[in-house]
Amino acid sequence: MKLRRVAAPDFDLEKTLNCGQVFHWQKIGDAYYGTIGSLPVRLEQDDNQLIISAPGELDGLKPSSFERQGDIIAAVRHYLALDHPLADICRSFPRDVALDAAKKFCQGLRIIRQPRWECLATFICSSMKQVAHIRQISLALRKRFGTERMIYVSHVYDFPSAERLGRSNEGELRECALGYRAKNLLATARRVAAGDADLDGWSQLPDEELRERLCELPGVGAKVANCVMLFAYERLRAFPIDVWIERVLKQQYFPRKRNVTAYQLREFCGRYFGENGGYAQQYLFHHARVNRRGR
DNA sequence: CTCCAGGGATGAT
DNA sequence: ATCATCCATGGA
């Protein structure tokens, strides 16, 4: 096990892992335990430094993209998007009171780069669920179908491949508390495993086409598609609209107007928030959720 | 168009 | 302790 320290300015580990974009990191003491792809990692923040613990020479791990990269630090920095120019991104936002407050509150929160299948599968499970439930489902799927790994004395599990989940059945998935989402996850897993849905190839598509492809998958609607675009395809314009952000938008940008349609909201978000709208969305979302008001 | 499905955490009483 | 509410896709 090797311990590494890297500079991480303008970064907030706790906000980044707890803002509702990713659901499997487990906090023990001051540290977060989880996996980046198949790599088990322990992360801890010490002011402007990030302490990374991971298996020294990837002992016991099968070959992975990280091993070929040969650099765990690079993998972590990439996953956590430590290269995103947050100051520039914030400067690209329109100025208004809601967004100014949200960006101040969310200093250092980064939109991370998640593995595509893991992100897609998790967000299919997220529909009609709250964060606590999604965490339970993610953990249940990992424990049942994923590979167990050790990081110090903690057990972590990587996310099962589409092939593995495709070989399961609806009953097994329902036992992981998926409810009616089991059927959708299974069908999508099989399409991905069969190569019918080429998640990696789709990264070349422009936003609109990517959204269309994603929405053709069972269990994927506009909200889930936008989450996957933002969190797994680095489409920083994508603006997922859920109940939280809908409340914020109506309150802040359509004050005491009734009957605001979904179309009006979508049109406004695409126009108003700009090239980094997804970041603006995440900041508004996290700020509203942590300071639960307006209900 | 409306209604409903799974289900555990959360908050109100 | 009990009870209502949260939640966003797809099919009837």
Side-chain angles (χ1 to χ4, degrees), chain A residues 17-27 114 116-145 162 165-166 168-192 196-197 199 210-232 235 238-251 258-270 277-278 281-282 284-295:
Chain A
L17 296 185
N18 270 334
C19 69
Q21 63 177 324
V22 65
F23 303 95
H24 73 277
W25 290 92
Q26 202 195 345
K27 189 173 187 181
Q114 299 186 44
R116 301 201 172 101
W117 163 248
E118 175 180 322
C119 182
L120 171 64
T122 305
F123 276 93
I124 286 175
C125 299
S126 80
S127 87
M128 280 290 285
K129 285 283 180 195
Q130 292 170 272
V131 171
H133 301 149
I134 305 167
R135 295 181 63 91
Q136 290 174 0
I137 292 174
S138 167
L139 181 62
L141 288 173
R142 286 165 182 272
K143 272 191 171 171
R144 177 137 187 181
F145 302 106
L165 288 187
S168 73
N169 58 59
E170 193 182 328
E172 283 187 304
L173 293 179
R174 278 180 178 267
E175 286 170 21
C176 297
L178 267 79
Y180 62 84
R181 299 156 199 80
K183 189 185 295 245
N184 292 332
L185 180 60
L186 184 62
T188 294
R190 288 179 175 166
R191 288 181 54 172
V192 171
D196 174 26
L199 298 188
L210 174 60
R211 187 177 288 109
E212 279 176 35
R213 292 287 88 72
L214 288 169
C215 285
E216 287 166 3
L217 297 171
V220 180
K223 155 70 168 55
V224 171
N226 278 316
C227 285
V228 175
M229 289 174 68
L230 182 57
F231 303 136
R235 305 302 170 101
F239 199 103
I241 299 179
D242 72 331
V243 284
W244 284 97
I245 206 71
E246 189 176 325
R247 270 197 287 267
V248 173
L249 291 175
K250 285 180 176 171
Q251 241 166 253
R258 285 179 284 136
N259 308 322
V260 184
T261 65
Y263 176 80
Q264 284 176 292
L265 284 180
R266 246 182 300 129
E267 192 277 327
F268 171 80
C269 293
Q281 184 273 355
Q282 201 59 27
L284 289 169
F285 174 85
H286 187 58
H287 186 226
R289 229 171 59 82
V290 172
N291 309 285
R292 8 198 118 228
R293 269 184 301 235
R295 338 181 18 185

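Letters A, B, ... mirror the listed sequences (proteins, then strands); counts begin at 1. Please read all numbers here as calculations on a predicted model, not as lab measurements.
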Distance in angstrom units between A/I137 CD1 and C/dT9 C1', rounded
14 Å
Determine the contact category for A/A132: base if any of its heavy atoms lies under 4.0 Å from a base atom, sugar-phosphate if only primed atoms, P, OP1 or OP2 are that close, otherwise nothing.
sugar-phosphate
Pick base, sugar-phosphate or nothing for A/L217, based on heavy-atom distances below 4.0 Å to the nucleic acid.
sugar-phosphate
Give A/K223 one of three labels, base, sugar-phosphate or nothing, depending on what nucleic acid heavy atoms sit under 4.0 Å from its own.
sugar-phosphate
C/dC7 P sits how many Å from A/I241 CD1, rounded?
15 Å
Give me the distance, rounded to whole Å, that separates C/dT2 from B/dG6 when you measure between the P atoms they each carry.
24 Å
Reckon A/V131 touches a base, only the sugar-phosphate, or nothing at all at heavy-atom distances under 4.0 Å?
nothing
Starting from P on C/dT9, measure out to CZ on A/R211 and report it in whole angstrom.
13 Å
note: A/W244, atom CH2; B/dT10, atom P; distance rounded to Å ~ 12 Å
Is the distance from OP1 or OP2 of B/dA5 to the nearest side-chain N or O of A/R174 less than 4.0 Å?
no
Is the shortest side-chain heavy-atom distance between A/V228 and A/V220 below 4.5 Å?
no
Rounded to the nearest angstrom, tell me the gap between atom CD1 in A/I134 and atom P in B/dT10.
13 Å
Please report, rounded to the nearest Å, how far the P atom of C/dT9 is from the CE atom of A/M128.
10 Å
Nucleotide opposite C/dG11 in a Watson-Crick or G-U pair, distances under 3.5 Å
B/dC3
If I take atom NZ in residue A/K183 and atom P in nucleotide B/dA5, what distance separates them, rounded to the nearest angstrom?
15 Å
Length of the CD1-P vector between A/I245 and C/dA8, whole Å
12 Å
Between A/G179 and A/Q136, name the one whose nearest nucleotide on DNA chain B is closer to the 5' end.
A/G179
I want to check something: taking the side chain as every heavy atom from C-beta on, are A/R181 and A/M128 in contact at a cut-off of under 4.5 Å?
yes
Given that A/N184 and A/H133 both sit by DNA chain C, which one's nearest nucleotide is further toward the 5' end?
A/H133
Decide, yes or no, whether a salt bridge links A/E118 with A/R142 under the criterion of side-chain N to carboxylate O below 4.0 Å.
yes
Rounded to the nearest 0.5 Å, how far does NE2 of A/H286 lie from CG of A/N291?
8.5 Å
By nearest atom, which of the nucleotides C/dC7, B/dA5, B/dG7 is closest to the A/K129 side chain?
B/dG7
Under a 4.5 Å cut-off applied to non-hydrogen side-chain atoms, are A/F231 and A/Q282 in contact?
yes
